[in-house]
A.B. asks: 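After the structure tokens below, expect a handful of questions from me.
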Amino acid sequence: MKFNRRTHTCGELREENIGEKVILNGWVDNRRDLGGVIFVDLRDRYGITQIVFEPHYNVESHKEGSALRSEFVVAVEGTVRKRPDNTENLSIPTGLIDVMVDKIIILNEAKTPPFPIQKSENVNEDIRLEYRYLDLRSEKMQKNLIMRSKMYNTVRNYFNDNGFLEIETPYLMKSTPEGARDFLVPSRIHRGKFYALPQSPQTYKQLLMVSGFDKYFQIVKCFRDEDLRADRQPEFTQIDIEMSFVDQEDIFQMVEGLMVKLYKETKNSEIETPIRRMDFHEAMEKYGSDKPDLRFNLEMKTLNHVFENSEFRVFKDAIESKGIISGLVAEGCGDYTRNQLDVITNFVKQLGAGGLIWMRVTEDGLDAPVAKFMTDDEKQGIIDNLGAKPGDLLFIISGPKMKSLSIMGFLRLEMAKRLNLIKPDTKPSLLWVTNFPLLEWDEDTKRFYAMHHPFTSPNLDEVDKLETDPGSVNARAYDLVLNGNEIAGGSIRIHNSELQSRMFDALGVSKEEAETKFGFLMNAFKYGAPPHGGIAFGFDRLAMLFAGEDSIRDVIAFPKTSSASSLMDDSPSFVDEEQLKELFIKIR
RNA sequence: GGGGUCAUAGCUCAGUUGGUUAGAGCGCCUGCCUGUCACGCAGGAGGUCGCGAGUUCGAGUCUCGUUGACCCCGCCA
């Protein structure tokens, strides 16, 4: 087949090209056959150009034009002509011209697509995923992936300009016990042994610091075998960053510079720096989340001091067990019906709350089922502390501190939705959350786990409590939050093998286990490890937010479904017995 | 592991209290049509109502199970 290489793309031709002979290659987006004249929208990723088949202009091509169907791939030779008066299409950039077809070659025919390409976003996602290669032809997906590509470019340029090195790290590595479930890869050469795919290149980038590559970054795939969400895939992309001889401030400054550049180059908008910061503990108390959405206020208030001497059982228990009593005002919601309140109560109960106390604020005080258990002072205390006024609705949740705050945080988001507090034109809200707890107690296994990861440095003035009161130690760890989404997280690391040992002790990891699992890192730290720290971005989430999408699947070319399968190539799949045999694996 | 929403034509959906032959728009096919850009007009084809049981004289509709998609909780250092 003769191949006529294009002289222009389908988004390129303008009035100044009028009179030129051109060749276009592309897909038939739409065909409008008026009998005497045929219009075809020819599409490629650059745009759409209208090509015209007219018998007076060329009988032969007009005949061939009527055979065209949606998604045929063609090469068109023709002449650019100004569109006749009043037939311009101002909604597309090429809308002032036509290409009059001299010759058309069908490079490939196409079956009728299972769904219309142009409107694929209205099609059920399972069909889009089954025919992903068609879905990706849609304007939306092309736009998203083009934007994503631009973002890679911005990131690489930024770090390059700042003297960083991009260094690849292994995808086949050692399985580590902490953190997410590993994807395992069986070894053929080493019978019974397994590699793991990296949850992140964490240990490698720290070793690169030991090696003296003081500014490292990588755009890298990571793998976690955990359940999926709209913003979580089993394989995802990080912008991984690590720096030596730095403190938290240096990391913040470097990352803020990146965010400024990303906003400028992908959204053509400015953001304010320095980015606001908030202590983890404040974030939990005021917003019930370690990734608060600050596009709206709706602040929670701790009411423990109001009920110091309360006889109300629920509050008394909360205070005695060092729990929390947290309140929230839903402005103007005093007219919520009993039924609406039941729905909300059910909402918090499903999140694990023991119950929800609600109160209507009236001119006379508080109207609520539990009002009889409270003194007048307490009632006034609630109103004063929450700043409530008649017509408002109040919620109170009490119980174990972190759990109750977190549930109230979900209720805060729910009420924001109900009250429509996030307007489409709301400015993006960036926030550093700092000073995370170093450790997290797990009731099931009765031990501490690292909240970030086991290489995170404790605050230096709190190191002494590592043995006496480990739960109270905070970390030099930080997250970057955008509109209530965690988009990056990092920490200053431990660079001293002695402190690392104490950390493993606090985690209840034995000397032997630490040696087996992380010996290589601990050893490396004995040979002159510089102080270092870093951060990693969830690149897919960032792209999702920049694209204004609700799911990272819309910024990933070939994503998995929420049950971690690929509908297009039907993975995962069974493999031949021979393959298993070679790997010494037997399915139980 | 748990909770929720959904599944009817190629696509998006409607389908009453369980009742005759399951509909619409778009798409597709055929014909007509020289300025359309959601072209228009006329005609036509197209259905295992996700799958499997059950209740019933009768099930797209009710019950149970199951599969799949999506959202959330747990989980995600």
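Below, chains carry the letters A, B, ... as their sequence lines are ordered, and counting in each starts from 1. The figures that follow rest on heavy atoms only: side chains count, while hydrogens, waters and symmetry mates do not.
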A.B. asks: With a 4.0 Å cutoff (strictly under), does any side-chain N or O of A/S562 reach OP1 or OP2 of B/A69?
C.D. replies: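 It does not, given that no N or O in the side chain of A/S562 lies less than 4.0 Å from OP1 or OP2 of B/A69.
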A.B. asks: Atom CG of A/L413 and atom C1' of B/C72: how far apart are they, to the nearest Å?
C.D. replies: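 Rounded to whole Å, this separation is 13 Å.
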A.B. asks: Pairs in or reaching into residues 548-566 of chain A: which pass salt bridge (charged side-chain N to carboxylate O under 4.0 Å, His left out), with residues at least two apart or in two chains?
C.D. replies: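 The answer is A/E125-A/R553, A/R128-A/D554, A/K140-A/E549, A/K140-A/D554, A/E235-A/K560.
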A.B. asks: Which whole-number value in Å describes the distance from A/D231 CG to B/C72 C1'?
C.D. replies: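 Atom-to-atom, A/D231 to B/C72, this comes out as 11 Å.
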A.B. asks: Watson-Crick or G-U wobble partner for B/A38, using a 3.5 Å limit on both distances?
C.D. replies: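 Paired with B/A38, as far as the under-3.5 Å criterion goes, is no nucleotide at all.
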A.B. asks: Please state how far atom NE2 in A/H453 lies from atom P in B/C76, giving the value in whole angstrom units.
C.D. replies: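 My rounded result for the distance is 15 Å.
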A.B. asks: What integer distance in Å separates A/L567:CG from B/G68:P?
C.D. replies: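 The answer, rounded to whole Å, is 11 Å.
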A.B. asks: OP1 or OP2 of B/A69 sitting under 4.0 Å from any side-chain N/O of A/T561?
C.D. replies: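 It does, given that an N or O in the side chain of A/T561 lies less than 4.0 Å from OP1 or OP2 of B/A69.
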A.B. asks: Is the phosphate of B/U36, meaning OP1 or OP2, less than 4.0 Å from a side-chain N or O of A/R32?
C.D. replies: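 For B/U36, OP1/OP2 do not have a side-chain N/O of A/R32 under 4.0 Å.
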A.B. asks: With a cut-off of less than 4.0 Å, is there a side-chain N or O of A/S563 near OP1 or OP2 of B/A69?
C.D. replies: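 For B/A69, OP1 or OP2 has a side-chain N or O of A/S563 closer than 4.0 Å.
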A.B. asks: What are the atom names and distances for every N/O pair under 3.5 Å that joins the protein to nucleotides 11-14 of chain B?
C.D. replies:
| from | atom 1 | to | atom 2 | distance (Å) |
| --- | --- | --- | --- | --- |
| B/C11 | O4' | A/P114 | O | 3.3 |
| B/U12 | OP1 | A/N124 | N | 2.7 |
| B/U12 | OP1 | A/N124 | ND2 | 3.0 |

A.B. asks: Is there any protein nitrogen or oxygen under 3.5 Å from a nitrogen or oxygen in nucleotides 27-31 of chain B, and what are the pairs?
C.D. replies:
| from | atom 1 | to | atom 2 | distance (Å) |
| --- | --- | --- | --- | --- |
| B/C29 | OP1 | A/R69 | NE | 2.8 |

A.B. asks: What class does the angle between the rings of A/Y133 and A/Y131 fall in, given that below 30° is parallel, 30 to 60° is tilted and above 60° is perpendicular?
C.D. replies: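 Judged by the thresholds at 30° and 60°, the geometry between A/Y133 and A/Y131 is perpendicular.
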A.B. asks: Charged N to carboxylate O under 4.0 angstrom, A/D231 versus A/R229?
C.D. replies: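 Judged by the 4.0 Å cut-off on N to carboxylate O distance, A/D231 and A/R229 do not form a salt bridge.
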A.B. asks: When the nearest nucleotide of RNA chain B is assigned to A/K119 and to A/L351 on a heavy-atom basis, which residue is associated with the more 5' position?
C.D. replies: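 Final value for this comparison: A/K119.
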